[in-house]
Amino acid sequence: MILVRHELRQGRGALGIWTAAVGLLLAVCIFIFPEMENEMGGMGDLFGSMGSFTEAFGMDRVNFGTFIGFYSVECGNILGLGGALFSALCGVGALAKEESEHTAEFLLTHPISRGRVTAEKLLAVMLEIFFFNLCVYGIAVISISLCGEPIPWREVNLLHFAYWLLQVEIAGICFGFSAFLQRGTAGVGLGIAILFYFLHLIANLSKNAKFLRYITPFAYADGAEIVAEGKIAIGLVVCGMLYAVGGIAIAFLWYGKKDIT
């Protein structure tokens with residue numbers, strides 16, 4: 001587990017920055033709600049009349065005047081997109097950085113198999129995502145308590161669980177890409193996360209594009225839908241986890257026989 005500890009030490013700076021940034025934005029968003037609560041009813045009616053824009057962000061499915069409705073849309077977008085970008089960067093750079101930073105010749109000359117290298121790097125990525133979500137969840141719960149709102153535990157837990165699954169899926173897919181890459185990993189990772197986000201918006205806007213819900217993880221991490229239905233779409237989660245497992249399997253297979261430059 002030496003490699004896991006090394007990866008966690010190496011990534012703690014990025015983990016701290018991303019956790020602080022997303023947690024701070026989430027806390028600010030929560031603390032704004034009491035100040036705007038009296039105006040939320042009118043804003044909900046305004047957003048509800050904006051047609052495609054409303055449908056794209058799910059504001060037609062929740063009551064924007066309630067805390068959980070506000071949290072699912074506003075805070076959900078912060079945590080969903082921020083978490084997706086963070087997990088994509090963690091996953092896509094895990095294996096590729098050994099070549100881009102010219103450390104592969106040092107690491108792979110040690111008595112450790114490539115399979116073990118891949119497994120320990122994957123474990124480190126998943127631990128980073130777990131710590132990120134644990135900290136952000138704690139910040140969210142404390143912020144809700146401090147702003148004086150009762151905590152809707154079921155909805156909050158479902159939302160954060162869905163966002164954690166989204167990050168696991170994106171990290172798994174990007175981990176697969178990492179086995180093929182040598183440089184430019186950040187751009188690839190960010191591009192994958194943003195592509196999934198816009199595919200979700202397109203799926204919400206067009207009935208002919210509903211099939212995209214089975215491609216993008218943002219479909220089962222749609223805060224408005226989770227709050228409105230009171231559950232996570234299990235079928236979409238299963239599809240997403242299959243994509244993640246596929247990406248991880250490809251990483252193990254390809255990195256095990258890859259010619260390291």
Side-chain angles (χ1 to χ4, degrees), residues 14-87 129-167 170 193-194 196-198 200-201 204-205 217-233:
L15 174 62
I17 291 171
W18 276 92
T19 301
V22 174
L24 178 62
L25 288 173
L26 202 63
V28 169
C29 192
I30 291 169
F31 285 124
I32 284 175
F33 179 77
E35 304 295 327
M36 302 177 63
E37 187 172 8
N38 294 331
E39 303 173 13
M40 283 298 173
M43 290 180 66
D45 294 337
L46 175 63
F47 287 138
S49 63
M50 295 177 69
S52 297
F53 178 84
T54 303
E55 294 175 8
F57 292 95
M59 290 184 290
D60 58 329
R61 287 167 283 172
V62 293
N63 182 357
F64 213 59
T66 64
F67 174 76
I68 192 58
F70 174 81
Y71 187 87
S72 66
V73 176
E74 297 296 330
C75 299
N77 280 324
I78 292 172
L79 182 53
L81 191 53
L85 295 174
F86 171 70
S87 60
I129 292 172
F130 175 77
F131 292 142
F132 170 82
N133 280 276
L134 187 64
C135 293
V136 170
Y137 178 79
I139 292 170
V141 170
I142 292 170
S143 299
I144 296 171
S145 300
L146 291 177
C147 80
E149 292 291 330
I151 302 175
W153 287 107
R154 175 179 169 78
E155 289 84 359
V156 169
N157 290 338
L158 280 174
L159 287 169
H160 282 266
F161 180 62
Y163 295 130
W164 173 66
L165 292 177
L166 174 146
Q167 292 161 35
I170 291 178
I194 293 171
F196 280 142
Y197 182 73
F198 279 101
H200 173 59
L201 296 183
N204 284 345
L205 286 171
F218 284 92
Y220 60 75
D222 187 329
E225 184 170 327
I226 291 172
V227 170
E229 300 293 332
K231 60 182 180 181
I232 301 173

Chemist: Evaluate the side-chain contact (heavy atoms from CB on, under 4.5 Å) criterion for residues N133 and Q167: first the C-alpha distance (whole Å), next the side-chain angles of each, then the deciding distance (0.1 Å), finally the verdict.
Modeler: CA-CA 9 Å; N133 280 276; Q167 292 161 35; 2.5 Å; yes
Chemist: Side chains of L159 and I68, heavy atoms from C-beta outward: is any pair under 4.5 Å?
Modeler: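 Touching, per the 4.5 Å side-chain cut-off.
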Chemist: Distance-only, no hydrogens or angles: does the T19 side chain make a donor-acceptor pair with backbone N or O of G16 under 3.5 Å?
Modeler: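 Answer holds: no.
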Chemist: When you compare the side chain of H200 with that of D222, does any pair of heavy atoms fall below 4.5 Å?
Modeler: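 D222 vs H200: side chains touch.
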Chemist: Please check if the distance between the ring centroids of F33 and F70 is under 6.0 Å.
Modeler: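 Yes: the rings meet the under 6.0 Å criterion.
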Chemist: With heavy-atom distances below 4.5 Å as the criterion, would you say the side chains of I30 and F67 are in contact?
Modeler: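 Contact flag for I30/F67 side chains = yes.
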Chemist: With a sphere of 6.0 Å drawn around CZ of F31, does it hold more than 12 non-hydrogen atoms of other residues, nucleotides or ligands?
Modeler: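 For F31, atom CZ is crowded (more than 12 foreign heavy atoms under 6.0 Å).
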Chemist: Please lay out, stage by stage, how I226 and Y220 fare under the test side-chain contact (heavy atoms from CB on, under 4.5 Å).
Modeler: CA-CA 8 Å; I226 291 172; Y220 60 75; over 6 Å; no
Chemist: Any side-chain heavy atom of L15 within less than 4.5 Å of one from F86?
Modeler: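 Yes, close enough: below the 4.5 Å cut-off.
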Chemist: Any side-chain heavy atom of F132 within less than 4.5 Å of one from V22?
Modeler: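 A side-chain contact under 4.5 Å exists here.
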Chemist: Tell me, yes or no, whether the heavy-atom count around W164 atom CH2, taken from other residues, nucleotides or ligands under 6.0 Å, exceeds 12.
Modeler: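 Open: at most 12 neighbouring heavy atoms sit under 6.0 Å from CH2 of W164.
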Chemist: May I ask you to decide if the ring planes of Y137 and H160 are parallel, tilted or perpendicular, using 30° and 60° as cut-offs?
Modeler: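 Correct class here is perpendicular.
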Chemist: Is there a side-chain contact between I139 and S143 (heavy atoms, below 4.5 Å)?
Modeler: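 Result yes, sub-4.5 Å side-chain heavy-atom pair found.
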Chemist: Does a side-chain heavy-atom distance below 4.5 Å link I151 with S145?
Modeler: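 In contact.
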Chemist: Side chains of R154 and L158, heavy atoms from C-beta outward: is any pair under 4.5 Å?
Modeler: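 A side-chain contact under 4.5 Å exists here.
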